[in-house]
Protein chains: 2
Amino acid sequence: MTEAAQTLHQRILDEIEGRIVSGEWPPGHRIPFEMELAAHYGCSRMTVNKALTQLARAGLIERRKKSGSFVTQPRGQSAVLEIADIKTEILALGLPYACDTRRRAVRRGRAADGFAPPLPPGARVLEIACVHLAGPRPFCLEERAINLAAVPEAEAADFSETPPGLWLLRQVPWSAAEHRIRAVAASAAEAEALGLAPGAACLEITRTTACGERPVTRVRLLYPGDRHTLAARFTPTG
Amino acid sequence: MTEAAQTLHQRILDEIEGRIVSGEWPPGHRIPFEMELAAHYGCSRMTVNKALTQLARAGLIERRKKSGSFVTQPRGQSAVLEIADIKTEILALGLPYACDTRRRAVRRGRAADGFAPPLPPGARVLEIACVHLAGPRPFCLEERAINLAAVPEAEAADFSETPPGLWLLRQVPWSAAEHRIRAVAASAAEAEALGLAPGAACLEITRTTACGERPVTRVRLLYPGDRHTLAARFTPTG
DNA sequence: GCCTTTTTCATGTATATACATTTTAAGCCG
DNA sequence: CGGCTTAAAATGTATATACATGAAAAAGGC
């Protein structure tokens, strides 16, 4: 037997998902009622209900009382983007990691810092600029502002071993984040720091992180466009 | 009463998520056993179990038999990227949409088409190049290859009203996709088509779509870097 | 016929129970 | 003490049941 002993829950999930992604049940199609599926699989309605609830959470079906469950129309191409920590990413390439801090200062927050939600007026902010090196080559330019009210320990922290991103991930895990991804031309200073020609195409990721209502940090990461690629994947059930 | 009548399931979910994202229960912390939570909320173990199962699927906690459930260490910054259909996106900006097809041909598939999984040898491929226009201005350059074995209807389809991406989304919904996002300098031809200076920074999205084992399409989208931004969001429970 | 009321039906949530699974801890014995 | 067996503990899966909810269809009144 190559077939693994899978649970009924998983089997129902897989079979219905299969019918949807194969197009056998196109968007708008009403899938069988819970009672019918329960009879088909010889199980109780609860078992079917849990599987369908999961499909609904994944966005594959939409459930309407009295009417039944319907295959949804995919609204767009959504995908899961995994942005690894920079140090981890470089080490995964088999290269030695180093962080060269160019600037570090404590100042008052400005509106231009772009925190979301906005900083309270007069908040103290730690500003850091550094270059992440993969071996001898510059890998990424980082400009970061940290809300010291949210993470006071940052003022005394040393970011030469653990870069700010990873350090913050350990201090403030599981915060919410918003990303903006753009292509920009490198300024003269940025090109010099990254070892590129001025005006070279770069991938810019701006991330705003908040913990509940409290803004934590905002960072701008600049990657040489010809050397870095982001990957995102989409699978119906994830 | 401003408080909505929420279900117990949701309340358990929210409270535990709140404790995790606030840092009150840091990574590695063992959360109360199902029986303890059931006693605390005055409900049955099943109700707690369903909530914890959902948190585990979201990746917030890890469950170990006999030992209990533990808050996980976030492995990196992951986020959900929503890539809307181009026509929808332009119409959402309040601009009229148009699609200018520059090239359209049927030819044999090549390895350079980059399908995943690879095309069978000699497969027929529909090749399309077009410029998406937002009002008078070029918005995005599209180069696409469609596997005619997977979508034979594409050969006769007209993409002036419905662009290829949206058309395919209707024909082959719920397929799996892989995205690569890079910053590139526009070539002379690309710059001309987009109304940019040669070498201008552009955001390049390459998407490979497959339906099960069958490759469906591969597309390269080129956006002017200074005019387009991708947004991605992360929230613990999604 | 049209509007309102009632009924019906599918899903939503929750319960108590049962047994399987897996991993840790305890117990036993040489 | 070390290695084996055994029991206990917590999660995993599934059942049967109950009632709530909301929307569509049927029934009723004018």
Side-chain angles (χ1 to χ4, degrees), chain A residues 1 3-20 25-73 237-238, chain B residues 1-20 25 27-73 237-238:
Chain A
M1 289 279 232
E3 256 311 299
Q6 64 179 348
T7 66
L8 189 50
H9 178 93
Q10 199 59 48
R11 197 186 132 209
I12 298 175
L13 217 62
D14 290 348
E15 291 193 12
I16 296 181
E17 183 195 333
R19 291 223 165 93
I20 294 175
W25 288 348
H29 180 264
R30 207 210 77 223
I31 76 173
F33 297 127
E34 293 187 348
M35 289 301 291
E36 303 179 72
L37 287 168
H40 176 264
Y41 288 104
C43 67
S44 82
R45 185 171 78 92
M46 273 302 297
T47 307
V48 172
N49 182 294
K50 289 213 297 191
L52 294 192
T53 301
Q54 196 176 330
L55 282 175
R57 260 198 289 268
L60 273 167
I61 64 172
E62 186 191 334
R63 316 201 67 193
R64 285 200 289 275
K65 293 181 179 179
K66 170 83 180 179
S67 314
S69 306
F70 299 82
V71 178
T72 53
Q73 193 95 36
T237 45
Chain B
M1 287 279 233
T2 62
E3 256 310 301
Q6 64 178 346
T7 66
L8 189 50
H9 177 93
Q10 198 59 46
R11 197 185 132 210
I12 298 175
L13 216 63
D14 290 348
E15 291 193 13
I16 296 181
E17 183 195 334
R19 292 224 164 92
I20 293 176
W25 289 346
H29 179 264
R30 206 211 78 223
I31 76 173
F33 298 127
E34 291 187 350
M35 288 302 290
E36 303 179 73
L37 287 168
H40 175 264
Y41 287 104
C43 68
S44 82
R45 185 171 77 90
M46 273 302 296
T47 308
V48 172
N49 183 294
K50 288 213 301 191
L52 293 192
T53 301
Q54 195 176 329
L55 283 175
R57 261 198 289 268
L60 273 166
I61 64 172
E62 186 192 333
R63 316 202 68 192
R64 285 200 289 275
K65 293 181 180 182
K66 170 78 181 182
S67 312
S69 306
F70 300 83
V71 179
T72 53
Q73 194 93 38
T237 45

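In the text below, chain A, chain B and the rest are named by the order of the sequence lines, each starting its count at 1.
The structure places CD1 of A:Ile31 at 10.5 Å from CZ of A:Arg19, a figure rounded to the nearest 0.5 Å. Taking NZ from A:Lys50 and CG from A:Leu55, the interatomic distance works out to 14.0 Å, rounded to the nearest 0.5 Å.
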Between the protein and nucleotides 3-9 of chain C, list the N/O to N/O atom pairs that are separated by less than 3.5 angstrom.
from	atom 1	to	atom 2	distance (Å)
C:dT8	O2	A:Lys66	NZ	3.2
C:dC9	O4'	A:Lys66	NZ	3.1

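Between the CD atom of A:Glu36 and the C1' atom of C:dT11 there is a distance of 13 Å, given to the nearest Å.
When all heavy atoms of A:Pro27 and A:Gln73 are compared, the pair lying nearest together is CB-OE1, 3.7 Å. Of all heavy-atom pairs between A:Ile61 and A:Leu52, the closest is CD1-O, 3.6 Å. In terms of heavy-atom proximity, B:Ala51 sits nearest to B:Ile12 at CB-CG2, 3.9 Å.
For DNA chain D, the neighbouring residues in residues 47-56 of chain B, judged by any heavy atom under 4.0 Å, are B:Asn49.
Residues passing the side-chain hydrogen bond (donor to acceptor under 3.5 Å, both in side chains) test with B:Thr53 are B:Asn49, sequence neighbours excluded. In this view, A:His29 and A:Trp25 satisfy the ring pair (Phe, Tyr, Trp, His ring centres under 6.0 Å) rule, not counting sequence neighbours.
Note that the first and last nucleotides of DNA chain D, 5' to 3', having any atom under 4.0 angstrom from a heavy atom of chain A are D:dT13 to D:dA24.
Take the nearest nucleotide of DNA chain D for A:Gly42 and for B:Ser69: the residue whose nucleotide is more 5' is B:Ser69. Each of A:Met46 and A:Arg64 was assigned the nucleotide of DNA chain C with the nearest heavy atom; the assignment lying further toward the 5' end belongs to A:Arg64.
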Side-chain donor/acceptor pairs under 3.5 Å, residues 39-47 of chain B, sequence neighbours excluded:
from	atom 1	to	atom 2	distance (Å)
B:Tyr41	OH	B:Glu15	OE1	2.8
B:Ser44	OG	B:Met46	N	3.4
B:Arg45	NH1	B:Glu34	OE1	2.5

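A donor-acceptor pair is defined here as one N or O able to donate and one able to accept, closer than 3.5 Å; no such pair exists between the side chain of B:Gln10 and the backbone of B:Thr7. Under the 3.5 Å distance criterion, the side-chain polar atoms of A:Ser69 are left unmatched by any main-chain donor or acceptor of A:Glu62.
For A:Arg45 and C:dT11, the shortest distance from a side-chain N or O to OP1 or OP2 is not below 4.0 Å.
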